[in-house]
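This report concerns only the one structure given below.
Quick note on labels: first sequence line is chain A, next is B, and so on, each numbered from 1. What's counted below: heavy atoms across the whole structure, side chains too, no hydrogens, waters or symmetry copies. As the structure is a computational prediction, the values presented were derived from the model and not from experiment.
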2 protein chains.
Amino acid sequence: MLELRLVQGSLLKKVLEAIKDLVNDANFDCSATGFSLQAMDSSHVALVALLLRSEGFEHYRCDRNISMGMNLNNMSKMLKCAGNDDIITIKADDGSDTVTFMFESPTQDKIADFEMKLMDIDSEHLGIPEAEYHAIVRMPSSEFQRICKDLSSIGDTVVISVTKEGVKFSTRGDIGTANIVCRQNTTVDKPEEATVIEMNEPVSLTFALRYMNSFTKATPLSNTVTISLSSELPVVVEYKIAEMGYIRFYLAPKIEEDEDETKPQA
Amino acid sequence: MLELRLVQGSLLKKVLEAIKDLVNDANFDCSATGFSLQAMDSSHVALVALLLRSEGFEHYRCDRNISMGMNLNNMSKMLKCAGNDDIITIKADDGSDTVTFMFESPTQDKIADFEMKLMDIDSEHLGIPEAEYHAIVRMPSSEFQRICKDLSSIGDTVVISVTKEGVKFSTRGDIGTANIVCRQNTTVDKPEEATVIEMNEPVSLTFALRYMNSFTKATPLSNTVTISLSSELPVVVEYKIAEMGYIRFYLAPKIEEDEDETKPQA
DNA sequence: TCATGCGGCT
DNA sequence: AGCCGCATGA
């Protein structure tokens, strides 16, 4: 028996908006710790890890660990039927091959339940080692989103370079080149507007903007984003989910190909 | 060496939005006087003339006159990457075949530079004689925009007729006819809401609405628009750019063809 | 003012 | 074909 009651149902709606474009099907894992998901994107290039801790739910009952395979598109369709102020409850009976989403309007005048078939999905749960990063950048998530979008209009890849002074996002395309430098800045009115750089070692890595832009779909979940970089390691783009956990995206850097961008990207 | 610093960068963004649909490629001419452009639209029917006087820039350095050929679509893409509150600096080195747009966020925390390739464009710089006009109408730009859009849903051309009493915009189409009369009106709260008619001689001319609607893309640049008409002369639709100059559109009247609108428009 | 539908761009 | 931004209608 599983019963998770989330007063701020819009959180779950936003989570699905954030990952459904990247991942088609995934197992949601439920344990005493919380509600989590880990999945590769459909082209097996990026990885998404979601955690919603049990403490963040108003009511959290999970008798035994279960893994529920869902089609995220279908799940998203159902969650779109919940109002933004609705309370969402996720329910599943032991051994059932369905999950139920229940939506209660704030006034309790409307109660909806949507039942969705579960699917069997080979889960490839990778252990993700906690790594030390050469540089960690925290900045407003909207600014990061804007930068990724802007650079996409010029080129396909972004070089992210961190020095003590700031973080630079660069691209190059047919019509020209672009460099955007964000300086460290902690003297702002609101802490979420700060750009904070922790750097042990300068680092410069190249990533496909297409994936970065997908990651920024999580922007509504948090005012800030944290970008953790090390050479030879996948970048981690993390959006904290207030009181509950996080959504993290992992993406391997591209090996610099010296201008020779003619071959297709698998 | 060229370096033009424009504190109100959104002006330049709006200028590009105003002309990029009409003109594909154009030379920007830079001299001690200012930053200007003159170009025919891609079907060689309308003409755009832009002037941004040097005094309007916070910093204006132009060592010698140069003409920089730009693809306006690409330029517009880059300017879209500037925030509306950004300060924009246009830079070019002597003899360089690129131009650089630099965007500084108001807080100076973010500095972006975009480099764009220049192109060689045959410039056909027409001397435009200052003419005497039979009638000059000044009215709110939003109202003119609305009229052109509304008439477009009925017909393809607009007849603009000016008498002392007012200006009449008329069209005719398959579904019927439309006449919109704006009376002179100077007794308004704000001067930019006035409709003012200076008339030496009544005039009535016909224009293609398609071009008029393109011209109204400049509406965000000014609260008012000035329409100068003389029989046998191209109409001038002018939007003043505060403190800096203007953008003017010229369009030849159509020769009245007595209902016979079947033949294509070149 | 917010939500939906259409067109342009990637 | 899918996503984003603009425009329109409730």
Protein-proximity profile, nucleotides 2-10 of chain D, B/S/- by nucleotide at the 4.0 Å heavy-atom cutoff, equals -SSS--S--
Quick one: Lys80(B) NZ to dT10(C) P, roughly how many Å, whole number?
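Going from NZ in Lys80(B) over to P in dT10(C) covers 9 Å.
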Gap between atoms CG and P, on Asn213(A) and dT10(C) respectively (whole Å)
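Taking CG of Asn213(A) and P of dT10(C), I get 12 Å after rounding.
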Under 30°, 30 to 60°, or over 60°: which ring-plane class applies to Tyr211(A) and Phe215(A), parallel, tilted or perpendicular?
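Tilted: the ring planes of Tyr211(A) and Phe215(A) meet at 30° to 60°.
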Please verify the inter-ring angle class for Tyr239(B) with Phe249(B); under 30° counts as parallel, over 60° as perpendicular, anything in between as tilted.
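Tyr239(B) and Phe249(B): perpendicular rings.
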For residues Val23(A) and Met40(A), determine if any side-chain heavy atom of one lies less than 4.5 Å from a side-chain heavy atom of the other.
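They are not in side-chain contact.
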Evaluate side-chain hydrogen bond (donor to acceptor under 3.5 Å, both in side chains) for Ser76(B) paired with Glu17(B), printing each intermediate quantity in order.
CA-CA 7 Å; Ser76(B) 168; Glu17(B) 288 308 299; 3.3 Å; yes
For Ser43(B) against Arg210(B), the heavy-atom pair lying closest together:
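For Ser43(B) versus Arg210(B), the nearest heavy atoms are OG-NH2, 4.1 Å.
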